[in-house]
Amino acid sequence: MIIDAHSHALHGKYLEPLSLTGGEWIKTKIEDLTRLKPQVFDIPLRLEWLDKYSIDLQVITMHHTLDSNLYPADSDAKIKL
């Protein structure tokens with residue numbers, strides 16, 4: 001069994017509230033990440049890659065570039081996200 005222990009993903013439901021509170025800064029980050037690393041959001045693509053590279057399991061964490069603690073917003077908005 002092959003396990004990828006260093007993989008990132010984001011649920012699509014997280015992007016809309018993140019965009020609404022993060023302003024242009026976060027919208028740019030989302031656009032860049034979508035363009036550069038589509039597998040973070042595109043589950044069928046991710047599954048295709050897992051099959052292609054014979055990976056059986058992934059341990060997934062949030063992608064660090066969209067961590068709400070890093071963007072310029074007030075503390076209440078960060079806590080809500």
Side-chain angles (χ1 to χ4, degrees):
M1 176 179 273
I2 297 175
I3 301 173
D4 173 3
H6 186 86
S7 189
H8 305 290
L10 280 171
H11 194 285
K13 289 182 180 180
Y14 180 68
L15 296 179
E16 185 176 349
L18 189 63
S19 290
L20 293 174
T21 59
E24 289 306 311
W25 182 85
I26 200 69
K27 288 176 185 172
T28 300
K29 291 285 188 185
I30 291 170
E31 288 171 8
D32 290 347
L33 190 58
T34 302
R35 183 174 38 81
L36 297 172
K37 297 187 179 215
Q39 73 278 10
V40 171
F41 308 102
D42 186 339
I43 301 304
L45 176 61
R46 180 179 291 264
L47 294 173
E48 181 183 316
W49 287 13
L50 291 174
D51 287 342
K52 179 179 178 180
Y53 296 108
S54 301
I55 298 171
D56 300 303
L57 184 68
Q58 284 187 319
V59 177
I60 298 175
T61 60
M62 181 191 302
H63 199 281
H64 59 86
T65 60
L66 295 180
D67 182 345
S68 62
N69 293 304
L70 301 177
Y71 74 82
D74 63 39
S75 296
D76 289 338
K78 292 178 184 183
I79 289 170
K80 184 178 177 181
L81 287 168

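As the structure is a computational prediction, the values presented were derived from the model and not from experiment.
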First locate atom NZ of Lys52, then atom CG of Leu47, and finally report the distance between them rounded to the nearest 0.5 Å.
14.5 Å
Are there more than 12 heavy atoms of other residues, nucleotides or ligands under 6.0 Å from atom NZ of Lys37?
no
Are Tyr53 and Asp4 packed together at the side-chain level, in the sense that at least one heavy-atom pair is separated by less than 4.5 angstrom?
no
Point-to-point distance, once rounded to the nearest 0.5 Å, from CG of Leu57 to CD1 of Ile3
5.0 Å
Less than 4.5 Å apart, side chain to side chain, heavy atoms only: is that true for Gln58 and Arg46?
yes
So does Ile2 get a backbone contact from the side chain of Asp56, meaning a donor-acceptor N/O pair under 3.5 Å?
yes
Below 4.0 angstrom, N of the basic side chain to O of the carboxylate: do Asp32 and Arg35 qualify?
yes
Going from OG1 on Thr61 to NE2 on His8, what distance comes out if it is rounded to the nearest 0.5 angstrom?
4.5 Å
Ile26 side, atom CD1; Glu31 side, atom CD - distance, nearest 0.5 Å:
11.0 Å
Can Trp49 and Ile55 be said to form a side-chain contact (heavy atoms from CB on, under 4.5 Å), step by step?
CA-CA 8 Å; Trp49 287 13; Ile55 298 171; over 6 Å; no
Hydrophobic clusters here meaning ILVMFWY residues chained together by side-chain heavy-atom distances under 4.5 Å, can you tell me if Val40 and Ile60 are in one?
no
From Glu48 CD over to Asp42 CG, what is the distance, rounded to the nearest 0.5 angstrom?
8.5 Å
